[in-house]
Amino acid sequence: MPAKANIGVVGLAVMGSNLARNLASREGNSVAIYNRSPERTRELTAAHPEAGFVASESIEDFAASLSKPRTAIIMVKAGTPTDAVIDQLVAAFEPGDIIVDGGNALFTDTIRREKAVRETGINFVGAGISGGEEGALHGPSIMPGGSAEAWETLGPILRSIAAVAEGEPCVTHVGTDGAGHFVKMIHNGIEYADMQLIAEAYDLIRRGTGKSPAEIADVFAEWNKGELESYLIEITAEVLRQVDAETGKPLVDVILDQAGAKGTGAWTVQTALDLGIPVSGIAEAVFARSLSSKPDQRKAAADLPGPAATWKVEDAESFIEDVRLALYASKIVAYSQGFDEIVAGATEYGWDIRKGEIAKIWRGGCIIRAQFLNRITEAYAADPNLVALLTAPYFRDAISRAQDSWRRVVVAAASAGIPSPAFSSSLAYYDGLRADRLPAALVQGQRDFFGAHTYRRVDKPGVFHTLWSEDRREVEIEAGH
Ligand code: 6PG
C-alpha cells in the first residue's frame, strides 16, 4: 500500500496538470491525481516521474489514496462538469474532508454548492486561481473562500504553491462561501479593462504616429520600467514584437480582430448592475469585445462616414506620453470601480473582505499583477474605509498629473474617429464622480413628470411630487424628518 497523498487534483487538462506538478514540487506534498479519461492520467504520470504522483483510475481509489482530512482540488470546466465531479467526490468523501473548486465558477454557483455540500459535513471551498498555465505551474495568485475550518488545512498547502510577492505568498482566506470566486470574478473584470485600455493605447499610437507594432513594442517595454510596470504591459510588448512565421508580417496584423470571452467579464458587469455599482470601464471592455465579434454588422457599417481628414499627431513623443498618462488614469478608474464592486458584494453577501489583502495577493502570480497594487495596499492600510480608491492621496496626485493628457487623448480619439470606449468612459466616470451638480436632477424631474416617481429637494427634507398637469403645485408625499 503506497503512502497516502495529502492533496489531490481532479481534472488534468493544462491548468489541472500544471497545478498538480506545482503541488508535487513543494516539500512535504504528495499528490493524488484523477482524470475522467485514464489515458490522460497515465500520460501525465509517465511524463513526470519526478512528481511521484499517486495516480487513480476511479474516484473511489482516488479517495482512498488521500490522507484525512481528504483534500481535493477540482480543475474541470465551470458549470455542469464541476457539479458532476462534486457529486462524485461527495459520495466518496467523509465529513471533515475538503473539496476545492479551483475553476472559474460563477460565485452564486459556489454559494449554492457550498450550502449543499456543507449539509453532508464535507467542506466546500471555491477558490479563484489566476495566472494561466505558467502561474499554475510556478505560482499562481489564489483567492479561496469557504469556511475557516477548511482554511486551516488548506492554508499551508495553498501557501506552498502560491506566487510570492515581496516575501509574502499571494493567497489569503478571502471570506466565506463564494467570496473567493467573487473576488476572482472582479480580478477578471479588471483584467478585461486593463487589456482593453492597453489595446486602445496601442491603436491610438499606431494610427496617430504611424509607428510599427515593433516600434510600439519598444514603447511598452519602456513604460514597463515605470509606474505602469505590470505583466500585461510586459506581454503586450512581446505580442507586438512577434512576427508571423508564414507571412513575415507583424503577428498582430494577421490575427483576426474579433476578441473572444469566456464569461467572467460579463459576470462582473451583470453582478455590478444588480449591485448598482457603475463599473463603466469594465463594461466598455466587455462590450468592445462583443462589438469586435459582430463581423456582419461591422461589414455593413464599414462605409458609414468618419472624419474627413486623415490624422497624424504633430509631436509623436508628447502624444505617446499623453497616452501613457491617459492609460494610467483610466487604469486607476478600473481598479477603483472593481474595488467598489468588492465592497458592495461583501455588504450584500456578508463577507468580511479585507481590501488591502486582496491588493496584496494580486501583486504576484495573477494576470493583473502590477507594481501599482502596492499603492492600493498602502491606500487601504492608511484608510480601510476609503470611500473611493481614486480619492486616496496617491491616486489623487496621479490623476491630477494625468488629467490634461487624458482629456487631450480622448478629444484626439473622438476627432480622429478612433474608438476609445474604455479611455473615454473612464474619463466620463471621473468627471461624473467629481461633479458638483449632475443632470440627474433633470432625470428626476422627468421621472416625476411622466410617472409621479417623486423627487427630493436640495433645500429641505421630504419627498415631493409636482402636479404637472394641474396647477403645477408641489405636494409633499412624505414628510422629512
Ligand atoms: C487568470 C485568467 C484566466 C483566464 C481568463 C480568460 O486569471 O488566470 O483570468 O482565468 O485566462 O478567464 O478569460 P477570457 O477568455 O474571458 O478572456
Side-chain angles (χ1 to χ4, degrees), residues 11 13-19 22 73-79 81-82 100-107 109-110 126-145 158 161-163 165 170-172 174 178-199 230-236 238-239 255-272 279 281-293 334-335 338 341-342 358-370 373 422:
V14 188
M15 286 294 284
S17 53
N18 281 4
L19 199 75
N22 183 355
I73 306 180
I74 304 174
M75 297 297 289
V76 302
K77 267 208 180 89
T82 302
V100 183
D101 173 15
N104 266 335
L106 179 60
F107 75 97
D109 283 346
T110 304
I129 302 182
S130 177
E133 298 171 20
E134 281 295 297
L137 185 59
H138 299 296
S141 169
I142 313 177
M143 294 146 253
L158 296 184
I161 58 161
C170 295
V171 56
T172 190
V174 172
H181 276 140
F182 183 89
V183 165
K184 174 61 179 18
M185 175 186 79
I186 305 290
H187 165 284
N188 281 30
I190 295 173
E191 174 185 305
Y192 272 58
D194 216 345
M195 291 168 75
Q196 174 65 21
L197 290 166
I198 291 172
S230 62
Y231 172 72
L232 284 170
I233 295 280
E234 181 191 327
I235 65 159
T236 299
E238 291 200 32
V239 173
I255 297 176
L256 191 67
D257 60 344
Q258 296 174 19
K262 289 196 209 72
T264 48
W267 293 345
T268 310
V269 179
Q270 283 160 350
T271 306
V279 293
I282 299 171
E284 288 299 345
V286 176
F287 288 141
R289 290 196 193 185
S290 315
L291 185 151
S292 78
S293 303
Y335 275 79
E341 189 170 344
I342 290 181
I358 302 303
K360 263 190 180 177
I361 64 166
W362 286 349
R363 288 179 307 178
C366 65
I367 304 296
I368 64 170
R369 62 184 180 261
L373 282 150

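On a predicted model such as this, the values are computed, not experimentally measured, just so you know. Counting convention: from 1, in listed order, for ligands and their atoms alike. Just so you know, these numbers use all the heavy atoms, side chains as well, and skip hydrogens, waters and symmetry mates.
More than 12 heavy atoms of other residues, nucleotides or ligands shown are found within 6.0 angstrom of CD on Gln258.
With His181 as the fixed residue, the side chain to side chain contact (heavy atoms under 4.5 Å, CB included) test singles out one of Asp101, Leu106, Asn104: Asp101. Of the candidates Val269, Val279, Ile190, Val279 is the only one forming a side chain to side chain contact (heavy atoms under 4.5 Å, CB included) with Glu341.
Looking from atom 4 (C) of ligand 1 to the surrounding protein, the closest heavy atom is Asn104 ND2, 4.3 Å. The protein non-hydrogen atom at the shortest distance from atom 7 (O) of ligand 1 is Ser130 OG, 2.4 Å. For atom 2 (C) of ligand 1, the closest heavy atom belonging to the protein is Glu191 OE1, 3.4 Å. Nearest protein heavy-atom contact of atom 17 (O) of ligand 1 is Arg289 NH1, 2.8 Å.
In this structure a side-chain-to-backbone donor-acceptor pair under 3.5 Å is present from Ser130 to Ile367. Side chain of Ser230 to backbone of Arg369: no donor-acceptor contact under 3.5 angstrom is found. Judged purely by atom type and a 3.5 angstrom limit, Asn18 has no side-chain atom pairing as donor or acceptor with the backbone of Ala136.
Going from atom CD1 of Ile358 over to atom CG of Leu373 covers 11.0 Å, rounded to the nearest 0.5 Å. Note that NZ of Lys184 is 9.5 Å distant from OG1 of Thr268, once rounded to the nearest 0.5 Å.
Under 4.0 Å from ligand 1, not a single heavy atom of Met185 appears.
For ligand 1, the atoms sitting less than 4.0 Å from at least one non-hydrogen atom of Ala261 are 16 (O), numbered in the order shown with element in parentheses. Heavy-atom proximity to His187, at under 4.0 Å, picks out these atoms of ligand 1: 7 (O). Heavy-atom contacts of Gly131 reach the following atoms of ligand 1: 1 (C), 7 (O), 8 (O) (cutoff under 4.0 Å). Listed by number with element, the atoms of ligand 1 under 4.0 Å from a non-hydrogen atom of Tyr192 are 14 (P), 16 (O), 17 (O).
Selection from Ile129, Ile368, Asn188 by nearest heavy atom to atom 5 (C) of ligand 1 gives Asn188. One option in Lys262, Met15, Arg369 has a heavy atom closer to atom 13 (O) of ligand 1 than any other, and that option is Lys262.
Where the criterion is an N or O separation shorter than 3.5 Å, residue side chain and backbone included, Ile367 fails it with respect to ligand 1.
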